[in-house]
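Notes follow once the structure below has been shown.
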Amino acid sequence: MIGRTFSIVAIVLWVITIATAAVFFIKGQTQMTADNRVAVMLAPEEREFVLAEMRMLLEGVQGITAGVAANDMQQISSSARRIGMASAADVNPQLMMKLPLAFKQQGMSVHKQFDQLADMADSGASANELLTMLSEQLSSCVACHSIYTLEANLVKN
Ligand code: HEC
């Protein structure tokens with residue numbers, strides 16, 4: 001009887017743990033800001049990590065536009081590939097729990113689109129087609145920036 005109660009308690013605790021993890025995975029750790037954006041609350045080093053990734057995206061975009069201007073498909077392809085899905089690996093699980101699901105999805109889709117852009121450059125798309133695709137991708141950057149901001153949470157958790 002006691003053994004059975006224990007296993008029921010263990011199962012209930014397990015379900016609660018999984019449910020809590022799922023809620024965090026979807027909602028992330030956020031707070032509304034005065035300018036009506038969603039602030040994702042991160043540890044200082046996690047915020048730096050995400051911002052460094054952002055600067056890498058900007059660098060990639062710069063490489064792509066320079067490539068389009070010079071009609072250099074090789075440069076467009078390699079700049080886009082550098083910020084494709086391969087660069088999205090290695091994000092630590094703790095950070096993944098703090099980012100809202102929609103943020104993670106938008107982030108992943110941006111990386112995926114850069115792989116598509118690289119594929120297009122590799123398969124003979126015109127500079128104008130590539131620029132159109134890049135412009136669509138920049139809309140995703142703009143959209144996400146209008147919704148989210150990152151705040152460093154100084155309290156350790
Ligand atoms: C999933 C959401 C999201 C997407 C998609 C996104 N960003 Fe960001 N980016 C952010 C957030 C949030 C910040 C922090 C802004 C703040 O705190 O006000 C940021 C900051 C930046 C910064 C500033 C970096 C620094 O060191 O301060 C740059 C540059 C940047 N993003 C470039 C880009 C570019 C280029 C793209 C598209 C190719 C892009 N981002 C796509 C969410 C996103």
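The analysis underlying the following values was restricted to heavy atoms, covering all of them including side chains, and did not include hydrogens, waters or symmetry mates. Whatever order the structure lists ligands and atoms in, that order sets their numbers, starting from 1.
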Selection from [options] by shortest heavy-atom distance to [atom]:
| atom | options | answer |
| --- | --- | --- |
| atom 14 (C) of ligand 1 | Leu138, Ile147, Leu51 | Leu51 |
| atom 2 (C) of ligand 1 | Ser146, Ala102, Cys144 | Cys144 |
| atom 34 (C) of ligand 1 | Cys141, Gly60, Ala52, Ala143 | Cys141 |

Rounding to 0.5 Å, atoms CG (Leu131) and CG (Leu138) come to a distance of 9.0 Å
Would you compute the distance between atom CE of Met41 and atom CD of Gln29 and round it to the nearest 0.5 angstrom?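 Taking CE in Met41 and CD in Gln29, the distance rounds to 8.0 Å.
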Which is it for Val110 and ligand 1 at heavy atoms under 4.0 Å: side chain, backbone, both or neither? side chain
If Ile, Leu, Val, Met, Phe, Trp and Tyr residues are connected whenever their side-chain heavy atoms lie under 4.5 Å apart, and connections chain through other members, are Leu51 and Val38 in the same group?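 Shared cluster, yes.
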Please calculate the NE2(His145)-atom 8 (Fe) of ligand 1-SD(Met54) angle and round it to 10 degrees.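 Taking atom 8 (Fe) of ligand 1 as the apex, the two atoms subtend 170°.
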What residue and heavy atom of the protein are closest to atom 26 (O) of ligand 1, and at what distance?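 For atom 26 (O) of ligand 1, the nearest protein heavy atom is Arg55 NH1, 2.6 Å.
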Which protein heavy atom lies closest to atom 29 (C) of ligand 1, and at what distance to 0.1 Å?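 Heavy-atom neighbour on the protein nearest atom 29 (C) of ligand 1: Leu58 CD2, 3.7 Å.
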Hey, does Glu53 have a side-chain heavy atom less than 4.5 Å from the side chain of Glu48?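 Glu48 vs Glu53: side chains apart.
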Contact between Phe114 and Ser87 at the side-chain level, heavy atoms closer than 4.5 Å - yes or no? no
Using a strict cut-off of less than 4.0 Å between a Lys/Arg side-chain nitrogen and an Asp/Glu carboxylate oxygen, indicate whether Lys98 and Glu46 qualify as a salt bridge. yes
Ion pair Arg82/Asp115, N-O distance below 4.0 Å: no
Find all atoms of ligand 1 within a distance of less than 4.0 Å from any non-hydrogen atom belonging to Tyr148, and give their numbers and elements.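 In order of numbering, the contacting atoms are 12 (C).
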Against heavy atoms of Phe114, which atoms of ligand 1 measure under 4.0 Å? 38 (C)
Polar-atom distance check: Thr149 versus ligand 1, any N or O pair below 3.5 Å?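 Yes; the residue has a nitrogen or oxygen that sits under 3.5 Å from a nitrogen or oxygen of the ligand.
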For Asp35 and Thr33, does a side-chain donor sit closer than 3.5 Å to a side-chain acceptor?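 Looking only at side-chain atoms, Thr33 and Asp35 do form a donor-acceptor pair, the distance falling under 3.5 Å.
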Please confirm whether Arg37 comes under 4.0 Å of ligand 1, counting heavy atoms of the residue only. yes
